[in-house]
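These notes are about the structure you will find just below.
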Amino acid sequence: MLSAQTLLSTITDKSEGKRIMEYLTVALAKGRLAELAMDIFIEIGMDCSEMKEKSRKLVFTDEKNKMKFILVKASDVPTYVEYGAADIGIVGKDTLLEENRNLYEMVDLGFGKCRMCVCGNPELRGKLGTITNLKVASKYPNIARKYFQDEKGQTIDIIKLNGSVELGPLVGLSDVIVDIVETGSTLHANGLDVLEEICELSARFVVNKVSMKMERERILSIVKAFSEKTEVE
Ligand code: PRP
């Protein structure tokens with residue numbers, strides 16, 4: 001756990017008696033969400049253009065606005081934000097549901113829209129409840145467990161995978177999968193279909209709870225500017 005001092009993004013210069021702006025750190029989920037988020041940060045006047053260049057760099061600094069941007073694996077964004085290593089995070093609702101971290105979810109940004117679904121062979125539609133110990137492969141074991149066991153009262157066997165989950169039913173590893181469906185092209189290319197929809201997903205703006213207390217105005221102004229540039233119906 002970081003110390004309270006480290007968590008502070010604004011410090012007081014006692015000799016001057018005025019507040020000095022410290023860096024606010026934003027954690028971006030590597031990939032498409034980071035690309036979209038960078039464009040919006042640039043639109044609202046932040047300089048994260050260096051992030052657009054191909055490199056292995058993971059930390060980018062905007063000196064003028066006293067902002068740091070870090071690129072992390074999507075599933076790690078809530079961890080960085082909960083522990084205060086990042087003040088702000090841009091991450092998908094799927095990751096928030098799976099990680100269930102202690103942070104503030106501020107705004108639905110309306111981009112990165114997709115659905116969390118149970119998918120499998122179309123012949124299984126309407127029959128899942130009749131299969132004992134249904135084998136469910138997923139990158140999202142917590143979401144899968146909550147849906148089947150807590151909401152539907154069905155006991156399942158969860159098989160955790162880290163990618164290419166659609167292979168599960170194709171090679172007999174699982175009966176179905178719980179996964180993100182965006183365009184549906186991965187499913188259809190593999191002869192699978194959506195059997196049940198669990199929930200809708202999109203990108204969210206999240207904030208560390210201590211940072212929110214210490215830097216409320218600055219963070220809220222970023223949330224406002226950022227969300228004004230996104231379209232949420
Ligand atoms: C995600 C998801 C699906 C696919 C859905 O995988 O797990 O496989 O995208 O998108 P679609 O409906 O537009 O086809 P990702 O591309 O992140 O790769 P992974 O399987 O290696 O995790």
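Computed from heavy atoms alone, side chains included, the values below leave out hydrogens, waters and symmetry copies. Whatever order the structure lists ligands and atoms in, that order sets their numbers, starting from 1.
- Counting heavy atoms only, Lys139 comes closest to atom 19 (P) of ligand 1 of the residues Lys139, His188, Glu166.
- Counting only heavy atoms, the protein gets under 4.0 Å from atom 12 (O) of ligand 1.
- At a heavy-atom distance under 4.0 Å, atoms from both the backbone and the side chain of Thr183 approach ligand 1.
- In terms of N/O distances under 3.5 Å, ligand 1 is not approached by Asn162.
- The presence of a protein heavy atom under 4.0 Å from atom 6 (O) of ligand 1 is confirmed.
- Looking only at heavy atoms of the protein, atom 4 (C) of ligand 1 is closest to Thr186 OG1, 3.7 Å.
- Applying the 4.0 Å criterion to heavy atoms of Gly163 picks out, from ligand 1, the atoms 19 (P), 20 (O), 21 (O), 22 (O).
- Taking CD1 from Ile156 and OG from Ser174, the interatomic distance works out to 10.5 Å, rounded to the nearest 0.5 Å.
- Using bins of under 30°, 30° to 60° and over 60° for the plane-to-plane angle, the ring pair Phe205/Phe226 lands in the perpendicular bin.
- At a 3.5 angstrom cut-off on N or O pairs, Gly184 counts as close to ligand 1.
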Q.
One pair to check against salt bridge (Lys or Arg N to Asp or Glu O under 4.0 Å): Arg115 and Glu197. What are the steps and the verdict?
A. CA-CA 7 Å; Arg115 298 178 293 155; Glu197 181 174 318; 3.1 Å; yes

**Q.** Criterion side chain to side chain donor-acceptor pair (under 3.5 Å) on Glu63 and Tyr23, from CA distance to verdict
**A.** CA-CA 9 Å; Glu63 288 297 347; Tyr23 291 100; 2.6 Å; yes

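- Close approach of ligand 1 to Ser185 is summarised as follows: ligand atoms under 4.0 Å from at least one heavy atom of the residue are 12 (O), 14 (O).
- Using a 4.5 Å heavy-atom cutoff, the side chains of Asn162 and Lys139 are not in contact.
- Of all the atoms in ligand 1, the ones that sit under 4.0 Å from a non-hydrogen atom of Ile180 are 2 (C), 3 (C), 5 (C).
- A distance-only check finds a donor-acceptor pair linking the side chain of Asn208 to the backbone of Ser211 [under 3.5 Å].
- Residue nearest to atom 2 (C) of ligand 1, selected from Val194, Asn190, Asp179: Asp179 (by heavy-atom distance).
- For ligand 1, the atoms sitting less than 4.0 Å from at least one non-hydrogen atom of Ser164 are 19 (P), 20 (O), 21 (O), numbered in the order shown with element in parentheses.
- Asp193 has a carboxylate O that lies under 4.0 Å from a charged side-chain N of Arg125, or vice versa, which qualifies the two as a salt bridge.
- Side-chain contact annotation: Tyr140 with Asp179, donor-acceptor N/O pair under 3.5 Å absent.
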